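This report concerns only the one structure given below.
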Amino acid sequence: MDVSRAKNRINELILLLNKYSRLYYTDDISAISDFEYDTLYSELKNLEELYPQLCRNDSPTQRVGDAVSESFSEHVHKNRLYSLDNTYSYEELENWYNKICKEFEKDDIELVAELKIDGLAISLLYNDSKLEVGATRGNGSVGENITSNIRAINAIPLSLSDSKVSVDVRGEVYMPHSSFEKLNDEARALGQKLFANPRNAAAGTLRQLDSKIVAKRGLAMFAYAAIFENDINAPKTHFETLKRLSELGLVTNPNTRLCKNVGEVIAFCKEFEEKRFELNYATDGVVVKVNDYSIQNALGFTAKSPKWATAFKFPPEEMSTKLLDIEIGIGKTGAITPVAILEPVNLAGSVVKRASLHNYDEIKRLGVKLGDTVRVKKAAEIIPKVVAVEVEKRDGSEKDIVVPTLCPVCQAKLEVPEGEVNLYCTNNEFCEAQNEAKIQFFVSKPAMNIDGVGSQLIKTLLETGLINDAADLYSLTKDDLLKLEGFQDKSATNVINSINNSKHPKFSAFLTALNIKHVGKETAELIVENFDTLEKLKIASDKDLAQIDGLGEKVAQAITQWFADERNLKLLLKFENSGVVPQIVEKTVLSNVFVDKSFVITGTLTKPRSEFEQIIKSHGGKTSSSVSKKTSYVLAGDSPGSKLLKAQSLGVKILDEDAFFALLEGRQFDEK
Ligand SMILES: [Zn+2]
């Protein structure tokens, strides 16, 4: 290829790659597969290596550079970064709004409500569309120049889609919950200190001197403001600015709303007081801004903050309250869970009366006593958690929490099995509480996913004797339900239909629903890949099952024991007679390249492990979590750890990502 053709192709590739990553980050669209993206990326990288003089600074291959030597240099902001006043009350929010309306003699003034992201404010200077400087907020006038790290964040474009634009963009860098969990999982595995929350993790990451580390940690950013230079087409309102930023290729938060008046803003705040727990990032409130720039300019600033904006803060996610009592929950396997009964407290917008304490070890760890003042935290989970005890608030009346010895429902002995921390009710056969939990699990999403059969209905059905086990659900009639309180013709029909519609579950879902010890959703999926019908599984021996890579002896034994139990076989027969027949397993196989090959994935790769697992499976291969003599290949990323050593000692072949794809595509590659 000659230089001019190479140049054209490089420009074309950068355009394409930028387009795809923009679609991915701004619109959540995967226009091409990761594999196709990687192919284009490699082509670009190869061309740049052949023609280094053509390598552009805004090429996606140039995100990660050399480490900064000692510290970051100062950066004087072109335009000051202000902070916002904030309020916890709707009344204050209304007062702020009414004052502005009065000043401008208007009934209503348009506002923009957007989520306040719990991250770090940054400034991005784009000159003629190219990212020149990325800096922290600092004191608002002077921050730190962290351009090398900013470039390593994939969600931040290195160049904008309009080549003439020069703009100072304001954004919030944050760590998505998914990245945060992954980071802490890895730290835990390595015995390192954990980050307290996503905000700290994001802050710590942005201060890394080595941008390679930043690139790996999955930071993201929302742009929320901009000051355009010499732009005759510069937007006239805040909402238009957000739209323009998005057109330029920057990610803006979709949870943003143009509101006619403060009433609509309050509705937005109320909506997200609840919804915020479903988001993949932390938000602590709503930023409210006057939309029209002419009004903004007329209002101006105080010494610290703009008069045309304010922040409404959500009620705190953590509060103090009294621990009144401990209730004992009994799970489907008999696991005992202590539940804290609390003096009702308003937490993040809802009244909380119960919180999880996990197990009695956790009670010991917290040192919590009955009557204690405890800190309760609401997180993404449905049930809040007790996170700490305020020991200084004790008055001597607190009582120790006694570890129970008998099941409160069936009075059987409680035991801690070897190698576990949880207490268990030992009466697996006749404990009513366990039976109820089993049926509840049977209808749940990871299992049979039967809509409309809730925990209250199951309780009632058991109490009235209409069912004794999960299979009995399939002999329920509409008349049975109509006898129960609260049922009408339509609701009864819906429940019966919903039960009948579950008669042909995926085999793995059915297997999950059976409540075999150690067999959860993932294990069930692993099993059905090897035994695709119930008949085959029934007659499988411990030895047969242990052949499955990734399935331990303990699990294999639990399965054969379950199928050896007469009562379970009767239950299976009952299902069969009610017409419950699992579907035959169908596999989507793209090729047979990896047939009979088993892989262990270790270390940090450029994509989530699940994606590699998917590729391996769809080409006929298997994956396992531990290296053994049965392992065909170890796919190793960065910092692979002990699995790599084990593979080396066993003589298992080791692949890096390039070699992996070479193997997949049947290309030559160097073995290590
Ligand atoms: Zn019991």
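As the structure lists them, so they are numbered: ligands from 1, and atoms in each ligand from 1. Fair warning: this is a prediction, and the values are worked out from it, not measured in the lab. Below, all heavy atoms of this structure are taken into account, side chains as well, without hydrogens, waters or symmetry copies.
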(message) Working note: Thr477 + Asp479, criterion side chain to side chain donor-acceptor pair (under 3.5 Å); need CA distance, chi angles, decisive distance, verdict.
(response) CA-CA 5 Å; Thr477 63; Asp479 285 339; 5.2 Å; no
(request) Search all heavy atoms of Ile539 against all heavy atoms of Asp544 and return the closest pair with its distance. (result) O-OD2, 4.4 Å
(message) For residues 503-522, which residue pairs pass the salt bridge (charged side-chain N to carboxylate O under 4.0 Å, His left out) check, not counting sequence neighbours?
(response) Lys521-Glu525
(message) Show the nearest heavy-atom pair for residues Asp451 and Ser498, with the distance to one decimal.
(response) O-OG, 2.5 Å
(request) Could you grab the protein N, O or S atoms closer than 2.8 Å to the Zn ion (ligand 1) for me? (result) Cys407 SG, Cys410 SG, Cys425 SG, Cys431 SG
Extract all donor-acceptor atom pairs below 3.5 Å that involve side chains of residues 327-336 and protein atoms in other chains or at least two apart in sequence.
from	atom 1	to	atom 2	distance (Å)
Glu327	OE1	Arg354	NH1	3.1
Glu327	OE1	Arg354	NH2	3.4
Lys332	NZ	Asn515	OD1	3.4

(message) Can you list everything that forms a ring-ring contact (aromatic ring centres under 6.0 Å, His included) with Tyr174? Sequence neighbours excluded, please.
(response) Phe222, Tyr281
